Amino acid sequence: MIFGSALLGLFLAAFVAATPVPFQSEIIFGGMVVAEPARFWLILAVASVGNVLGSCVNYAIGRGLAGLTPPPRFRIPEAAMARAEEWFRRWGVWSLLLSWLPLGDVLTVVAGVLKTPVWLFAALVTVAKTGRYLVLGLILLGVIG
C-alpha cells in the first residue's frame, strides 16, 4: 500500500515537473530506485508516463486546446519562448530530444504552437523523458557511471 502511494506521488511529481510549474521529480525517482531497486522498471515506467503526459499538457496548451490564458505565475516568459522557438526552427522536431532539459518544457509548448504531428511529438518526448530517467536510474543502481 505504501509503495502504491509512493508510485502515485512519483507520477504526480513527474507530471507536474513536465509543465511550466517549477518542480523536480528526479529526487523522488532516485529515492524510490534506491529504496526499491527490484522494482526499477515499474518505477521507470510510472515516472516516464507521468512526465510524458505532463509534456502533452504543454503541447495541448501550445495548440490552443486549453482555451485559457494561464495566470501570470504560470506563464512562460517571452524570452524563454523566443529561445525555444529559435531552437525549434533551427533544429526542427529533433530538438524535442532535449525536452528533458529545463528549457525543454518550453520546447514542448512550441511543438504544439507549430503543430508538430502528435505521434512524432509523443515518440520523441517519450525517448527523451524515459532516457533521462533510465540513465539516472542506472547510475544510481551502479550499472553505469
Side-chain angles (χ1 to χ4, degrees), residues 6-145:
L7 284 175
L8 177 60
L10 174 62
F11 176 86
L12 293 173
F15 182 91
V16 171
T19 67
V21 177
F23 195 79
Q24 297 296 317
S25 61
E26 291 82 5
I27 292 174
I28 297 168
F29 172 80
M32 289 185 69
V33 167
V34 170
E36 295 281 349
R39 296 179 173 176
F40 172 69
W41 296 107
L42 176 59
I43 295 166
L44 175 68
V46 168
S48 297
V49 169
N51 214 234
V52 170
L53 289 176
S55 293
C56 289
V57 169
N58 295 344
Y59 179 89
I61 290 169
R63 288 292 297 255
L65 297 177
L68 301 172
T69 302
R73 179 176 178 180
F74 298 119
R75 285 193 191 130
I76 297 170
E78 287 185 37
M81 189 70 169
R83 281 193 313 268
E85 285 180 9
E86 177 59 32
W87 264 88
F88 206 86
R89 290 188 199 290
R90 183 172 182 191
W91 302 105
V93 294
W94 299 110
S95 64
L96 289 171
L97 291 173
L98 300 175
S99 62
W100 61 273
L101 292 169
L103 180 63
D105 298 334
V106 181
L107 287 172
T108 60
V109 174
V110 171
V113 169
L114 298 179
K115 297 184 175 150
T116 300
V118 74
W119 68 268
L120 182 57
F121 169 85
L124 291 171
V125 169
T126 299
V127 167
K129 303 286 188 158
T130 302
R132 183 235 359 248
Y133 285 123
L134 178 63
V135 169
L136 175 59
L138 294 176
I139 289 169
L140 291 170
L141 293 174
V143 175
I144 60 174

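Keep in mind that what you see is a predicted model, and the values were worked out from it rather than measured.
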Nearest-0.5 Å distance, [atom1] of residue [X] to [atom2] of residue [Y]:
X      : Y      : atom1 : atom2 : value
Leu107 : Leu101 : CG    : CG    : 8.5 Å
Thr116 : Leu124 : OG1   : CG    : 9.0 Å
Leu98  : Thr108 : CG    : OG1   : 12.5 Å
Thr126 : Leu53  : OG1   : CG    : 8.5 Å

| message | Could you work out, with side chain to side chain donor-acceptor pair (under 3.5 Å) as the rule, every residue matching Ser48, not counting sequence neighbours? | response |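 With neighbours one apart ignored, the set is Thr130.
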| request: Please report the shortest heavy-atom distance between Ala18 and Asn51, naming the atom on each side. | output: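 Shortest heavy-atom separation between Ala18 and Asn51 comes out as CB-O, 3.1 Å.
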| query | Which pairs count as ring-ring contact (aromatic ring centres under 6.0 Å, His included) when at least one residue sits in residues 109-132, sequence neighbours excluded? | reply |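 Of all non-adjacent pairs touching residues 109-132, those that pass ring-ring contact (aromatic ring centres under 6.0 Å, His included) are Tyr59-Phe121.
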| query | Does anything in residues 96-121 pair up under salt bridge (charged side-chain N to carboxylate O under 4.0 Å, His left out), and if so which pairs, sequence neighbours excluded? | reply |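 Sorted pair list: Asp105-Lys129.
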| said: Show every salt bridge (charged side-chain N to carboxylate O under 4.0 Å, His left out) that has at least one partner inside residues 49-59, sequence neighbours left out. | reply: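 Checked against salt bridge (charged side-chain N to carboxylate O under 4.0 Å, His left out) - neighbours excluded - no pair reaches residues 49-59.
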Anything under 3.5 Å between a donor and an acceptor, one on a side chain of residues 22-47, the other on a protein residue two or more places apart or in another chain? List them.
from	atom 1	to	atom 2	distance (Å)
Ser25	OG	Tyr133	OH	2.5
Glu26	OE2	Arg132	NH1	3.3

| Partner residues of Val127 under the side-chain contact (heavy atoms from CB on, under 4.5 Å) criterion, sequence neighbours left out |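 Here the qualifying residues are Leu97.
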